[in-house]
Amino acid sequence: MLAQIKALADSLAPRLVKIRRHLHSHPELSGQEHQTAAYVAGVLSSCGLQVKEGVGKVGVVGELHGKGADPRLLAIRTDMDALPIREQTKLAFASQHPGVMHACGHDVHTTVGLGTAMVLSQLGQALPGDVRFLFQSAEEIAQGAMWMVQDGVMVNVTGILSVHVFPSIPAGVVGIRYGALTAAADDLEITILGESGHGARPHEAIDAIWIASQIITTLQQAISRTQNPLRPVVLTIGQINGGRAPNVIADQVQLLGTVRSLHPETSAALPTWIEQIVANLCQTYGARYELNYRRGTPSVQNDKGMTQLLESSARAAWGAQGVQLIHEPSLGAEDFSVYLQHAPGSMFRLGVGFKDQHNYPLHHPQFEVDETAILTGVVTLAYAACQYWQH
Ligand code: NI
């Protein structure tokens with residue numbers, strides 16, 4: 001089976017590079033991936049999959065039927081959107097859409113998803129079960145997965161796999177992570193309501209700017225003294241609005257921030273913990289407050305069984321030197337976690353780094369990938385898919 005998959009992927013490699021370059025030169029922003037989606041739907045249809053467009057707004061779903069005796073349904077998810085970045089590579093196939101760039105490798109993800117569909121569709125009756133391919137829109141704004149799930153793509157799905165490129169892992173190597181892969185990312189908005197007054201007469205006013213500064217300082221100190229240091233919390237206030245004049249005490253200050261955490265229990269407790277600190281400080285100094293804690297993307301928690309499936313498939317395909325166990329999670333966010341609320345799954349990191357040249361990070365205007373990684377991604381996913389029903 002593995003030899004057959006490798007041979008199929010090898011024969012498809014030139015076409016896959018062409019597909020990736022086409023996608024790279026025609027990037028589209030989150031929620032606007034209409035051309036990309038139509039292109040994806042065309043390729044999937046040509047492979048004989050049942051295709052549905054306009055799922056999760058701009059997403060595409062392709063159903064591939066295997067032997068069908070086993071009721072378990074595997075989903076394979078990739079994302080299609082690009083970023084509002086002006087590309088600064090010198091590639092012949094650089095972005096033709098000014099100010100838009102595939103700087104997070106979603107062009108590679110889409111290509112790997114299509115390549116996997118091509119390979120598995122050619123296996124015919126050798127494919128033991130049914131696979132549902134999900135090509136979502138709008139990952140970068142953390143909306144696409146939610147739209148897909150709302151449109152029912154996870155109905156009957158019993159396991160899900162996904163992939164993200166990673167430039168600090170060399171091409172040809174697959175990064176495997178057990179447990180938390182990315183952080184939960186929530187939005188925080190606090191408004192302090194004090195009372196205005198003359199800058200010279202603080203006792204007649206309630207200084208919202210000073211109270212806001214106390215809140216920021218206390219929150220940062222409280223993380224280090226009350227949160228388990230082995231369960232990280234990062235709280236960043238990135239924006240402050242308030243005040244009218246240098247000699248007028250501010251009656252209102254708005255604090256806007258992001259809150260990142262890795263452990264579900266920590267994440268669950270954060271809104272109450274933050275509100276207590278804000279409420280206590282405001283009460284002490286006579287201010288009122290409004291607090292809006294908006295849940296964003298949950299943490300990606302890779303399932304043990306599904307991660308073992310990826311690891312054993314990657315080891316079989318590439319040997320020990322082709323697999324890297326990732327020991328630390330990232331505090332970035334990834335909306336693959338939304339699917340994981342509905343079925344166990346795992347996302348692997350696909351090494352795309354060049355061995356002999358500088359590798360720019362994701363979201364950098366000079367980000368490039370070693371395209372040989374496409375084959376690594378396709379074989380890993382296709383073989384893991386075939387092993388899913390045996391696992
Ligand atoms: Ni990404």
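Whatever order the structure lists ligands and atoms in, that order sets their numbers, starting from 1.
- Protein N/O/S atoms found under 2.8 Å from the Ni ion (ligand 1), listed by chain and residue number: Cys104 SG, His106 NE2, His164 NE2.
- Sorted by first and then second residue, the salt bridge (charged side-chain N to carboxylate O under 4.0 Å, His left out) pairs involving residues 235-245 (not counting sequence neighbours) are Arg244-Asp251.
- As a member of the Ile/Leu/Val/Met/Phe/Trp/Tyr network built from side-chain separations under 4.5 Å, Leu331 groups with Val234, Leu262.
- Checked against side-chain contact (heavy atoms from CB on, under 4.5 Å), Gln308 has the following partners two or more places apart in sequence or in another chain: Tyr178, Lys304, His391.
- Residues Leu123 and Ile5 have side chains in contact (heavy-atom distance under 4.5 Å, counting atoms from C-beta outward).
- Side-chain atoms of Ser267 never come within 3.5 Å of backbone atoms of His263 as a donor-acceptor pair (strictly under, hydrogens ignored).
- Taking 4.5 Å as the limit, every side-chain heavy atom of Asp130 sits out of range of all side-chain heavy atoms of Glu63.
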